[in-house]
A.B. asks: 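Here you go, one structure.
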Amino acid sequence: MEYIKNRFFQKASKCTAEYQRLKNEHSDKVIAQVTIGQVLSGMKGIPALVTDTSKLDPDEGIRFRGHSITELREKLPRLSPDGEPLPEGLFYLMLIGEIPEKDDVMNISKDWATRAHVPQHAFDVIDALPKNSKPMTQFAAGILSMATESVFQKAYRTGVHKKFYWDSTFEDVMNLIARIPHIAAYIYRRNFHNDRHIEPNPRLDWAGNLAHMMGFDSEDIRRLFRLYMVIHADHEGGNVSAHAAHLVGSALSNPYYAYTAAMTGLAGPLHGYANQDVIHWMFEMLEFLGTDEPTDEQVSKYCIQTLEEGRVIPGYGHAVLRKTDPRFTAQLEFADKYIKDDKLVNIVNQLYRIVPPILSDVGKIKNPWPNVDAYSGSLLYHYGIKEYTFYTVLFGVSRVLGVMASLINDRIYGLPIERPTSYPLKWYRDKAEGEPGNC
Ligand code: NMX
Ligand code: MLT
């Protein structure tokens with residue numbers, strides 16, 4: 001496994017040199033203007049972060065090191081010809097920037113299996129929380145509790161030279177990725193299967209093992225989990241979870257701290273919680289309408305009612321995307337291929353016809369199209385994972401791949417502490433109108 005670390009080091013060292021050169025030679029170069037509108041609407045479109053793992057195009061969607069989801073599904077190694085690519089391969093791609101060989105992927109899988117032992121106290125911390133605490137609360141607590149294991153933190157305390165920070169961060173990241181499926185599955189079995197836990201199977205791949213520990217061993221679910229883990233893994237650096245991890249990591253907090261921050265961000269309803277909210281909202285709708293096969297007119301009226309109540313339609317809209325999310329499309333294709341006539345999936349497809357024109361008519365909504373969360377819940381539900389309050393945890397398992405690959409990069413580049421500037425509202429008003437403001 002050491003060879004993958006070495007390969008990363010060889011590749012990333014060139015980029016580290018490039019980072020230093022840019023900083024030394026071009027720090028004064030102006031690359032963008034910032035408008036008041038951008039500041040007042042969540043810093044949208046301001047280039048302010050360095051993230052190599054993936055880039056989001058508003059019209060085309062996400063590309064991982066230049067590869068679209070369609071390309072990944074063709075090019076990344078898989079276990080069987082008709083299966084989905086292994087997330088291990090995507091991790092390699094995000095980390096090193098090249099499509100891996102199957103051997104590389106299998107080696108990562110084995111390496112993670114050897115690192116997968118979760119310290120008992122992490123389970124004890126989860127068990128100390130009441131069972132009615134949200135799965136994401138338990139998940140974040142479990143991850144945070146494993147900070148006791150941080151190799152980076154120990155290295156830092158012993159005074160390791162800053163040029164080696166990446167090395168112990170790499171070890172932490174590999175350990176965290178290896179352990180996170182067990183933490184997730186433990187919460188699932190604790191909350192929904194009366195604490196009847198299932199041990200990991202080291203012969204399985206990372207996503208297959210997660211399904212196994214949750215109690216699902218069919219090839220259908222493994223296929224779905226591999227797809228799920230690939231499409232949720234990264235969405236450039238500015239989304240709330242990635243940005244939170246980068247920000248906290250920039251203080252040289254250990255990777256467990258940084259990823260806990262990501263997960264508390266992912267738990268928000270405008271971000272990853274939307275994947276459970278979609279199912280919740282659909283069930284609310286079906287209950288309200290008194291049918292599980294609503295007409296287009298009924299669905300349409302319910303959507304308008306939701307908007308009139310000042311609520312969002314979950315699974316629709318995006319801060320960057322301006323077209324249907326290719327992660328939505330990948331799931332739609334998966335459903336077309338493997339799922340025949342499922343009521344919930346049918347409603348997701350029905351919503352895809354009905355919601356965009358309604359959101360467009362509102363006027364202010366920049367993107368009326370569905371995002372990744374509009375589909376994912378219905379697929380999980382179809383395969384028997386019906387406890388939708390758990391769904392965001394699965395998003396969180398996947399997101400570790402991209403966000404933590406980026407943290408290793410942050411450390412090898414030697415990115416500094418992140419510290420943008422803030423001003424009172426009055427300052428912006430003075431800038432805009434040239435007159436003293438009131439507040
Ligand atoms: N339903 C109703 N209103 C919406 C929606 C929606 N799906 N999407 C945007 N709006 C509203 C938004 O709340 C805002 O209203 P106001 O001016 O009153 O504050 C207005 O439209 C303009 O928002 P945008 O600039 O289009 O979107 P923004 O970048 O602020 O927000 C989201 C992006 C994704 C937070 C927003 O589209 C949303 O709340 N969607 C529903 C929740 C969701 O699906 N989140 C998951 C995102 C993906 N993920 O996994 O993280
Ligand atoms: C994500 O996957 O992080 C979401 O689509 C949100 C985003 O990109 O802002």
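When a ligand or atom number is given, it counts from 1 through the structure's own listing order. Here, residue 1 is the first one in the sequence, and each next residue gets the next number. Note that these values count all heavy atoms, side chains included, but never hydrogens, waters or copies made by symmetry.
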A.B. asks: For atom 31 (O) of ligand 1, is the nearest protein heavy atom under 4.0 Å away?
C.D. replies: no

A.B. asks: So which of Y273, Y316, W369 gets nearest to atom 36 (C) of ligand 1, if we judge by its closest heavy atom?
C.D. replies: Y316

A.B. asks: Using heavy atoms and a 4.0 Å limit, tell me yes or no: is K44 in contact with ligand 1?
C.D. replies: yes

A.B. asks: Would you please classify the geometry between the F395 ring and the H232 ring as parallel, tilted or perpendicular, with 30° and 60° separating the classes?
C.D. replies: perpendicular

A.B. asks: Mark whether atom 49 (N) of ligand 1 lies under 4.0 angstrom from at least one protein heavy atom.
C.D. replies: yes

A.B. asks: Can you confirm whether or not the ring centre of Y383 sits under 6.0 Å from the ring centre of Y228?
C.D. replies: no

A.B. asks: Give the numbers and elements of all ligand 1 atoms closer than 4.0 Å to a heavy atom of D373.
C.D. replies: 46 (C), 48 (C), 49 (N), 50 (O)

A.B. asks: Residue-level breakdown please: for I365 versus ligand 1, do any non-hydrogen atoms fall below 4.0 Å on the side chain, on the backbone, on both, or on neither?
C.D. replies: both

A.B. asks: Considering only heavy atoms, which of I313, L270, N275 lies nearest to atom 39 (O) of ligand 1?
C.D. replies: L270

A.B. asks: Please determine if D325 has a nitrogen or oxygen closer than 3.5 Å to a nitrogen or oxygen of ligand 2.
C.D. replies: no

A.B. asks: Find all atoms of ligand 1 within a distance of less than 4.0 Å from any non-hydrogen atom belonging to A274, and give their numbers and elements.
C.D. replies: 43 (C), 44 (O), 45 (N), 46 (C)

A.B. asks: For the residue pair T324 / T329, report whether a side-chain donor-acceptor contact shorter than 3.5 Å exists.
C.D. replies: no

A.B. asks: Hey, which atoms in ligand 2 end up nearer than 4.0 Å to a heavy atom of N239?
C.D. replies: 3 (O), 6 (C), 7 (C), 8 (O), 9 (O)

A.B. asks: Starting from atom 51 (O) of ligand 1, what is the nearest protein heavy atom, named by residue and atom, and what distance separates them?
C.D. replies: H271 ND1, 2.7 Å

A.B. asks: Side chain, backbone, both or neither: which part of R327 comes within less than 4.0 Å of ligand 2 when only heavy atoms are counted?
C.D. replies: side chain

A.B. asks: Have a look at G315, P370, G363, S41 and point out the one with the heavy atom closest to atom 44 (O) of ligand 1.
C.D. replies: G315

A.B. asks: Regarding atom 42 (C) of ligand 1: of the candidates G268, G317, P269, which has the closest heavy atom?
C.D. replies: P269

A.B. asks: Check W206, F64, W112 against F91 for a ring-ring contact (aromatic ring centres under 6.0 Å, His included) and give me the one that passes.
C.D. replies: W112

A.B. asks: Run the salt-bridge test on R7 and E98 with the 4.0 Å N-O cut-off and return the result as yes or no.
C.D. replies: no

A.B. asks: Heavy atoms only: which of H318, K366, R327 is nearest to atom 34 (C) of ligand 1?
C.D. replies: H318

A.B. asks: Among all the protein's heavy atoms, is there at least one whose distance to atom 18 (O) of ligand 1 comes out below 4.0 Å?
C.D. replies: yes

A.B. asks: Around atom 6 (C) of ligand 2, find the nearest protein heavy atom and jot down its residue, atom name and distance.
C.D. replies: H318 NE2, 3.5 Å

A.B. asks: Among all protein heavy atoms, pick the one closest to atom 3 (O) of ligand 2 and tell me residue, atom and distance.
C.D. replies: R399 NH1, 2.9 Å

A.B. asks: Note the single closest protein heavy atom to atom 8 (O) of ligand 2, along with its residue, its atom name and the distance in Å.
C.D. replies: H235 ND1, 2.7 Å

A.B. asks: Please work out which of the three classes, parallel, tilted or perpendicular, describes the rings of F152 and Y165, given edges at 30° and 60°.
C.D. replies: perpendicular

A.B. asks: Any Lys/Arg nitrogen of R65 or E71 sitting under 4.0 Å from an Asp/Glu carboxylate oxygen of the other?
C.D. replies: no

A.B. asks: For L307, which part has a heavy atom under 4.0 Å from ligand 1: side chain, backbone, both, or neither?
C.D. replies: side chain

A.B. asks: How are the rings of F334 and Y338 set to each other: parallel, tilted or perpendicular (split at 30° and 60°)?
C.D. replies: tilted

A.B. asks: Report yes if N371 has an N/O atom closer than 3.5 Å to an N/O atom of ligand 1; otherwise report no.
C.D. replies: yes

